[in-house]
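Single-structure report; data block below.
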Amino acid sequence: MQRQVKFVINTNATATPSWTFTRVTVNPSGNFLSLDRTRTNDLTITLGPAVPGVVEATRNGRRIAVASRVPDRRAADLHLSAQIANGIETGVRNALNR
């Protein structure tokens, strides 16, 4: 089973200073500074059966092997394919927005 959640965060800000001198008015209605940013974050959760496995790690500079449970091949392949599809989608979206 797999679920994907997409978070889209839009942030914008505008600063419009205005000065009035005795004979001149500067920037009465125009924007002096405008910022806009859109961020998209993706979360992929894959649940599947686990099988016994060995995980290698480094502790205090020494390699150790720890018996653990790891996702079975089908769940790992499903998660990898979702990550690849998400990367392609993000690349295409960024290329079209430029």
### Task
Evaluate the side chain to side chain contact (heavy atoms under 4.5 Å, CB included) criterion for residues Arg74 and His79: first the C-alpha distance (whole Å), next the side-chain angles of each, then the deciding distance (0.1 Å), finally the verdict.
CA-CA 9 Å; Arg74 292 174 298 167; His79 190 76; over 6 Å; no

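- Put simply, Val54 and Val66 are part of two different groups of oily side chains (I, L, V, M, F, W, Y) that touch within less than 4.5 Å, one to the next.
- For the pair Ala75 and Thr46, the tightest heavy-atom approach, listed with the atom from each and the gap, is O-CG2, 3.7 Å.
- With values rounded to the nearest 0.5 angstrom, Leu35 atom CG is found 10.0 Å from Thr11 atom OG1.
- For the pair Arg69 (side chain) and Ala50 (backbone), a donor-acceptor distance under 3.5 Å is present.
- Taking 4.5 Å as the limit, some side-chain heavy atom of Asn41 sits within range of a side-chain heavy atom of Ile9.
- Interatomic distance, CG of Leu78 versus CZ of Arg73, reported as 12.5 Å (0.5 Å rounding).
- To the nearest 0.5 Å, atoms CZ (Arg93) and CD1 (Ile88) are separated by 13.0 Å.
- Contact between Thr44 and Gln4 at its shortest, heavy atoms only, is OG1-NE2, 3.4 Å.
- Within the model, atoms CD1 of Ile64 and OG1 of Thr58 stand 8.0 Å from one another, a figure rounded to the nearest 0.5 Å.
- Minimum interatomic distance between Gln2 and Ala82 (heavy atoms only, all atoms of both residues): NE2-CB, 3.4 Å.
- In this structure Arg37 satisfies the salt bridge (charged side-chain N to carboxylate O under 4.0 Å, His left out) test with no other residue, sequence neighbours excluded.
- Leu43 and Val8 sit in two unconnected hydrophobic clusters of ILVMFWY residues. Membership requires side-chain heavy atoms under 4.5 Å apart, directly or through other members.
- For the atom pair OG1 (Thr90) and CG (Asp42), the distance works out to 5.5 Å, reported to the nearest 0.5 Å.
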### Message
Checking Val55 against Val70 for the side chain to side chain contact (heavy atoms under 4.5 Å, CB included) test, could you report, in this order, the C-alpha distance in whole Å, the side-chain angles of both residues, the deciding distance, and whether it holds?
### Response
CA-CA 8 Å; Val55 177; Val70 296; 4.0 Å; yes

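- Scanning all heavy atoms of the two residues, the minimum distance from Val51 to Pro71 falls at CG2-O, 4.2 Å.
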